[in-house]
There are 2 protein chains.
Amino acid sequence: MASTNVSTSTAQNSSAAQREARFLDALQAAGLRLTAQRRAICHYLANTDSHPTAQQIYEDLKPQFPSLSLATVYNTLDVLVRLGLVYALGGAGDRAVHYETNTDPHINLACLVCHRVVDLPMPEVGAWESRVAEASGFKIFGARLVYYGICPECQRRSQDVSH
Amino acid sequence: MASTNVSTSTAQNSSAAQREARFLDALQAAGLRLTAQRRAICHYLANTDSHPTAQQIYEDLKPQFPSLSLATVYNTLDVLVRLGLVYALGGAGDRAVHYETNTDPHINLACLVCHRVVDLPMPEVGAWESRVAEASGFKIFGARLVYYGICPECQRRSQDVSH
DNA sequence: GTTTAGTTTAGAATCTTTCCAAGTTTGGAG
DNA sequence: CTCCAAACTTGGAAAGATTCTAAACTAAAC
């Protein structure tokens, strides 16, 4: 039950180790190769609750993996998204796509000032999905529920400064 | 197209003319100038239910407005977004930002096959917003609620073809 | 009319993401 | 264990989308 030491609280249903194993299993099950690069990226994603961009992943992994190419990061993220293990979130005020591994029902909150994205657990999101499917006739594969606004910290900060 | 698509059903609470007037009023109220370019873009946005990109707006307006610059389209959209009159939606499979003027509570449904985005009215979305604000402490400015799936038409079409 | 601050414009610059050709590695077959 | 073909990675070039810039223009106040 001892969880691995992750940098942020996980707030997710499965442990980082479980998620990492699930990623690797899914890659194999899909007939894809387990390369060192893919292992590193899966490890990285399984051990974070942030919503990194491809660039961030690349920069964080580069020191321990000097040969890594940005194209490989994109390729691997693409594979993981297609396998449904990772979600691609639209930009958070910046121009880049943010990726997340939390596939539990929840909402994303994007701060338009500091560009951070945080998760808000929302179990009833699952119920919304079936309502949407029924009302629209769509066969739903996934959802991206993002609210945009200003986080409490940035609200406080802007009370002091006027410009 | 050279003519405006006023005849399209709007599926929105206010008429195109009302929306256009509201846009122009808001620009003036904010102390901004009513230039010919801004009028044209407001007119365009008020009269469509699609979710155009800046490029699409630019191309549609160019024939009637040869001097129009893409930068101006971006500038004006930026202004309208900041005034809360238009929402900027993350990419719908492509890489571009899509803009929409339907600020009534609703959900976007994106078809992964034909890449169309349609609106699904959902009055209770407003209630979700206040729940989210309360639970998170965020000051919410907008939301992007997208469900991904396959639209009824494409489901029917794909019964013959395997992918 | 004049004035002037806000706007527009074209094109360059920037940034993210994709593409490509060539070299490298994985995992299975022998 | 070795070899092979397909899958993968890599760096750099290319493609787009968006932003920046500096000069020319114009809405609106006086």
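In what follows, chains are A, B, ... by sequence order, proteins preceding strands, each numbered from 1.
Evaluation of the side-chain hydrogen bond (donor to acceptor under 3.5 Å, both in side chains) rule for A:Asp60 yields A:Tyr44 as partners, not counting sequence neighbours.
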When you check every protein heavy atom under 4.0 Å of nucleotides 18-30 of chain C, what one-letter string (B, S, -) results, 5' to 3'? BB-----BBS---
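Two residues are said to be in side-chain contact when any heavy atoms from C-beta on lie closer than 4.5 Å; B:His43 and B:Arg38 fail this criterion. Using a 4.5 Å heavy-atom threshold, the side chains of B:Gln28 and B:Arg33 count as separate. The closest side-chain heavy-atom distance from A:Thr35 to A:Thr76 is not below 4.5 Å. Between B:Ile41 and B:Val73, the closest side-chain pair of non-hydrogen atoms falls below 4.5 Å.
With rounding to whole Å, A:Leu27 atom CG is found 15 Å from D:dA7 atom P. As a whole-Å value, the separation of A:Arg38 CZ from D:dT10 P is 11 Å.
Side-chain contact annotation: B:Gln56 with B:His51, donor-acceptor N/O pair under 3.5 Å absent. In summary, the side chains of A:Asp49 and A:Asn102 do not present any donor paired with an acceptor at a separation below 3.5 Å, with no hydrogens or angles considered.
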Would you sort out whether A:Phe23 and A:Leu83 count as a side chain to side chain contact (heavy atoms under 4.5 Å, CB included), showing the intermediate values? CA-CA 9 Å; A:Phe23 287 7; A:Leu83 293 175; over 6 Å; no
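Close to C:dT9, at under 4.0 Å from its OP1 or OP2, lies a side-chain N or O of B:Gln37.
Only A:Ser67, A:Leu68, A:Ser69, listed by number, bring a heavy atom of residues 54-69 of chain A to less than 4.0 angstrom from any atom of DNA chain D.
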